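Below is one structure, written out as structure tokens; comments come after it.
Please read all numbers here as calculations on a predicted model, not as lab measurements.
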Amino acid sequence: MDNLGLIGMASIVTAGLTITIGSIAPALGEGKALAQALTAIAQQPDQAKDITRTLFVGMALVESTAIYCFVITLILIFANPFWAYFVEKAAG
Amino acid sequence: MDNLGLIGMASIVTAGLTITIGSIAPALGEGKALAQALTAIAQQPDQAKDITRTLFVGMALVESTAIYCFVITLILIFANPFWAYFVEKAAG
Amino acid sequence: MDNLGLIGMASIVTAGLTITIGSIAPALGEGKALAQALTAIAQQPDQAKDITRTLFVGMALVESTAIYCFVITLILIFANPFWAYFVEKAAG
């Protein structure tokens, strides 16, 4: 097990953990907001349009935290500078 | 156990953990939203159409976090650049 | 213990854990939604048809997260590219 193997293994494991743990909170948060929005529509049907619009703009913001994790995961897999360095060094 | 074995093992274990833990929160969040939607329909049957539409658009957003994990899992199994590098190195 | 044994062991353990832990949350989420659906039908019997339809479409969405785990498990067992590589290498 040399540097290349170590860096590769760490990248794989971290990539998986990043998107995994990173998606827990957004999913729970969005689920909670969605549930509350439906209760609000039932309570105040005249405001359904307003509630729905606020819900989706808000969910997009919550979703952004999941997207950050997704981007970092893709960077770790496909554009990892540490990996690139050791590959270059191993090549010559 | 060389680099290839190590990378392969890490990929398999990480792939499994990613989709496993990554599906917990979306499932719980969607379940909660769905339960609330049914209560909302029972409270305000006239708004059933509005509530259902909001529910399914919202659930699609929550589902997206599970899909991120699924995509990363498939990448780790079938398009793993670290694995590809070591296979190529082992081949020649 | 060489690479083949290691990869085989990791695949088996991960396959089991994936479907096991991956089915916890969908089952809980669907159970919660179903329980709420029954309460909702009891509250508003006239809407039973609407509630049931929403319930089953929603449960299908929640079920999809369990299906992701199932697919990954089957891939790890029957179409594992890491295992295929080492088997081929051991063959010649």
Would you sort out whether B/I24 and C/I24 count as a side chain to side chain contact (heavy atoms under 4.5 Å, CB included), showing the intermediate values?
CA-CA 7 Å; B/I24 290 178; C/I24 291 177; 5.9 Å; no

Can you tell which part of B/I21 gets under 4.5 Å to a heavy atom of chain C, answering side chain, backbone, both or neither?
neither

Where on C/V57 is there a heavy atom nearer than 4.5 Å to chain B: the side chain, the backbone, both, or neither?
both

Using a heavy-atom cutoff of under 4.5 Å, enumerate the residues of residues 80-91 of chain B that contact chain C, numbered in order, or state 'none'.
B/W83, B/V87, B/A90

Atom pair CD1/CD1 of C/I41 and B/I41 - distance to nearest 0.5 Å
10.5 Å

What part of C/T39 gets closer than 4.5 Å to chain B, counting heavy atoms only: side chain, backbone, both or neither?
neither

B/T20 side chain reached by C/L17 side chain, heavy atoms, under 4.5 Å:
no

Can you tell which part of C/L4 gets under 4.5 Å to a heavy atom of chain B, answering side chain, backbone, both or neither?
neither

Interatomic spacing from CE in C/M9 to CD1 in B/I12 - rounded to 0.5 Å:
10.5 Å

First locate atom NZ of B/K32, then atom CD of C/Q36, and finally report the distance between them rounded to the nearest 0.5 Å.
11.5 Å

Working to the nearest 0.5 angstrom, can you tell me the gap between C/L61 CG and B/E30 CD?
5.5 Å

Which region of C/I7, side chain (C-beta onward) or backbone (N, CA, C, O), has a non-hydrogen atom less than 4.5 Å from a non-hydrogen atom of chain B, or is it both or neither?
both

I need the residue from B/A40, B/A42, B/G31 with the largest number of non-hydrogen atom pairs under 4.5 Å to chain C.
B/A42

Separation of C/I67 CD1 from B/I19 CD1 (nearest 0.5 Å):
11.5 Å

Applying ring-ring contact (aromatic ring centres under 6.0 Å, His included), which residue pairs with at least one partner in residues 42-79 of chain B are found, sequence neighbours left out?
A/F70-B/Y68, B/F70-C/Y68

Derivation and outcome, side chain to side chain contact (heavy atoms under 4.5 Å, CB included), residues C/L76 and B/I77:
CA-CA 9 Å; C/L76 283 181; B/I77 296 179; 4.2 Å; yes

In Å and rounded to the nearest 0.5 Å, what is the CD to CD distance from B/Q43 to C/Q47?
12.5 Å

Pair C/I75-B/L74, side chain to side chain contact (heavy atoms under 4.5 Å, CB included): steps then yes or no
CA-CA 10 Å; C/I75 286 176; B/L74 290 181; 4.1 Å; yes

